[in-house]
Amino acid sequence: MEPKRCGITILGSLLLFFCMAATCYGIVLFSSLSRTLEVTASFKQGQVLKAGVDKITLTWGLNQSLAAGTDSAYKTIKVKLCYSPVSQVDRAWRKTVDNLAKDKTCQFKIVSRPYDKRNQTFEWTVERDVPSGTYFIRAYAYNSDDVEVAYGQTTDAKKTTNLFDVQAISGRHASLDIASVCFSAFAVLSLLGFFIAEKRRAKLSERK
């Protein structure tokens with residue numbers, strides 16, 4: 001066997017070995033998934049949504065231009081809220097990693113449903129615990145072993161289009177602010193009343 005062909009054969013064998021090892025150990029790389037799902041949402045580019053208040057209507061389904069049987073392994077669809085690159089800067093806990101077991105891009109589960117060949121729709125209220133940031137929506141298709149086999153998302157491959165912002169709950173509520181003001185006013189009035197009462201007692205004591 002020629003040295004060049006031998007080298008190619010060895011390289012091919014090694015690649016096959018590593019691919020088989022990755023499969024055996026359950027390693028799924030995002031780069032290995034096909035983008036076969038179409039995912040759309042009702043938000044507009046740059047729209048600001050309030051956590052715990054605003055809603056998004058989501059629709060997902062198989063790209064109808066694909067060959068029949070493309071979705072034969074699809075059993076479950078899981079839709080997730082994902083950080084855009086601008087909200088990942090200097091935040092290692094949100095880092096994108098090709099190995100999906102270590103990837104931190106999509107940390108918020110929106111909905112999980114059995115796969116259906118027909119388009120599915122879901123209305124989602126932005127969860128109260130979602131932090132402020134810029135996001136997109138991604139859907140993963142899982143096989144019977146609950147392993148990711150395909151995906152789709154509302155943005156482009158570079159994750160720069162069709163993004164929206166979430167305004168998180170500040171932690172202060174109007175009812176608490178009103179109660180705080182009322183309590184402060186009551187404290188001031190009580191102190192003033194106590195001061196006036198003491199002055200009156202002092203004057204009565206002087207008269208006696």
Side-chain angles (χ1 to χ4, degrees), residues 15 18-47 49 55-89 91-127 130-131 133-166:
L15 288 173
F18 284 121
C19 288
M20 290 177 66
T23 302
C24 290
Y25 285 100
I27 298 174
V28 180
L29 304 181
F30 180 77
S31 58
S32 71
L33 303 183
S34 298
R35 184 170 178 172
T36 62
L37 301 176
E38 295 286 346
V39 183
T40 59
S42 59
F43 62 79
K44 296 179 181 179
Q45 170 72 20
Q47 184 175 356
L49 303 175
K55 298 180 179 181
I56 299 175
T57 300
L58 307 170
T59 302
W60 64 89
L62 183 70
N63 185 332
Q64 296 302 310
S65 66
L66 298 174
T70 300
D71 56 349
S72 59
Y74 301 177
K75 300 301 179 184
T76 307
I77 298 294
K78 297 181 183 180
V79 185
K80 301 182 179 183
L81 177 67
C82 311
Y83 290 109
S84 72
V86 70
S87 288
Q88 294 175 298
V89 177
R91 294 177 173 89
W93 60 93
R94 301 178 181 178
K95 186 178 180 181
T96 294
V97 181
D98 197 29
N99 181 352
L100 289 178
K102 298 180 179 180
D103 182 43
K104 303 297 182 182
T105 307
C106 305
Q107 299 184 23
F108 303 94
K109 177 182 173 181
I110 294 177
V111 65
S112 176
R113 284 187 176 175
Y115 176 69
D116 193 312
K117 292 182 179 293
R118 298 168 297 179
N119 283 353
Q120 299 291 295
T121 300
F122 180 76
E123 186 177 71
W124 179 64
T125 300
V126 181
E127 300 288 346
V130 173
T134 304
Y135 297 87
F136 65 94
I137 307 294
R138 177 181 289 167
Y140 285 104
Y142 290 74
N143 62 18
S144 57
D145 295 321
D146 202 32
V147 174
E148 298 93 337
V149 291
Y151 81 101
Q153 58 190 29
T154 56
T155 187
D156 62 336
K158 294 183 178 180
K159 298 176 284 189
T160 58
T161 61
N162 296 328
L163 305 175
F164 65 97
D165 295 324
V166 169

Looking only at the side chains, is there a donor atom on one of Thr161 and Gln45 sitting less than 3.5 Å from an acceptor on the other? no
Report the C-alpha separation of Tyr135 and Leu49 in whole Å, then their side-chain angles, then the decisive distance to 0.1 Å, and conclude whether the side-chain contact (heavy atoms from CB on, under 4.5 Å) test is met. CA-CA 11 Å; Tyr135 297 87; Leu49 303 175; over 6 Å; no
Quick check against the 3.5 Å criterion: does Arg94 have a side-chain atom that pairs as donor or acceptor with the backbone of Ser87? yes
Going through the distances and angles, do Phe122 and Arg113 end up as a side-chain contact (heavy atoms from CB on, under 4.5 Å)? CA-CA 10 Å; Phe122 180 76; Arg113 284 187 176 175; 3.5 Å; yes
Tyr74 ring center within less than 6.0 Å of Tyr142 ring center: no
Working for side-chain contact (heavy atoms from CB on, under 4.5 Å), residues Asn63 and Leu37: CA-CA 5 Å; Asn63 185 332; Leu37 301 176; over 6 Å; no
Interatomic distance, Ser112 atom OG to Ile77 atom CD1 [nearest 0.5 angstrom]: 9.0 Å
In sequence, state the C-alpha distance, the side-chain angles, and the governing distance for Asp165 and Thr134, and then conclude on side-chain hydrogen bond (donor to acceptor under 3.5 Å, both in side chains). CA-CA 4 Å; Asp165 295 324; Thr134 304; 2.6 Å; yes
Quick one: are Gln153 and Glu38 in side-chain contact, heavy atoms under 4.5 Å? no
Kindly compute the distance separating CZ (Phe30) from CG (Leu100), expressed to the nearest 0.5 Å. 7.0 Å
First locate atom OG1 of Thr160, then atom CZ of Phe136, and finally report the distance between them rounded to the nearest 0.5 Å. 11.0 Å
For a 4.5 angstrom cut-off between non-hydrogen side-chain atoms, does Gln88 reach Tyr83? yes
Does the side-chain hydrogen bond (donor to acceptor under 3.5 Å, both in side chains) test come out yes or no for Asn162 and Thr155, once each step is laid out? CA-CA 5 Å; Asn162 296 328; Thr155 187; 6.0 Å; no
List the atom of Cys106, the atom of Arg138, and the distance in Å for their closest heavy-atom pair. SG-NH1, 3.8 Å
Any side-chain donor-acceptor pair under 3.5 Å between Asn119 and Thr59? no
Under a 4.5 Å cut-off applied to non-hydrogen side-chain atoms, are Lys104 and Val97 in contact? no
Check for a donor-acceptor pair, side chain of Gln107 on one end and backbone N or O of Trp93 on the other, with a separation under 3.5 Å. yes
With a 3.5 Å distance limit and no angle check, can you tell me whether Asp145 reaches the backbone of Val147 through a side-chain donor-acceptor pair? no
Can you sort out the partners of Phe43 under ring pair (Phe, Tyr, Trp, His ring centres under 6.0 Å), two or more places apart, ordered by chain and number? Phe164
Please verify the inter-ring angle class for Tyr140 with Tyr151; under 30° counts as parallel, over 60° as perpendicular, anything in between as tilted. tilted
Start with the C-alpha distance between Lys117 and Asp71, add both sets of side-chain angles, then the distance that settles side-chain contact (heavy atoms from CB on, under 4.5 Å), and finish with yes or no. CA-CA 8 Å; Lys117 292 182 179 293; Asp71 56 349; 3.1 Å; yes
salt_bridge(Lys78, Asp146) N-O dist < 4.0 Å: yes
So do the side chains of Val28 and Asn99 get within less than 4.5 Å of each other, counting heavy atoms only? no
Would you say that Val39 contacts Leu58 through its side chain, given a criterion of any heavy-atom pair below 4.5 Å between the two side chains? no
Should Trp60 and Val111 count as side-chain neighbours, where that means a heavy-atom distance under 4.5 Å? yes
Charged N to carboxylate O under 4.0 angstrom, Lys158 versus Asp156? no
Identify the two heavy atoms, one from Leu62 and one from Thr36, that lie closest to each other, and give their separation to 0.1 Å. CD1-O, 3.6 Å
To the nearest 0.5 Å, what is the distance between CD1 on Ile56 and CD1 on Ile110? 6.5 Å
Approximate separation, where rounding is to 0.5 Å, of Leu29 CG and Asp98 CG: 4.5 Å
CG on Leu66 to OG on Ser34, rounded to 0.5 Å: 8.5 Å
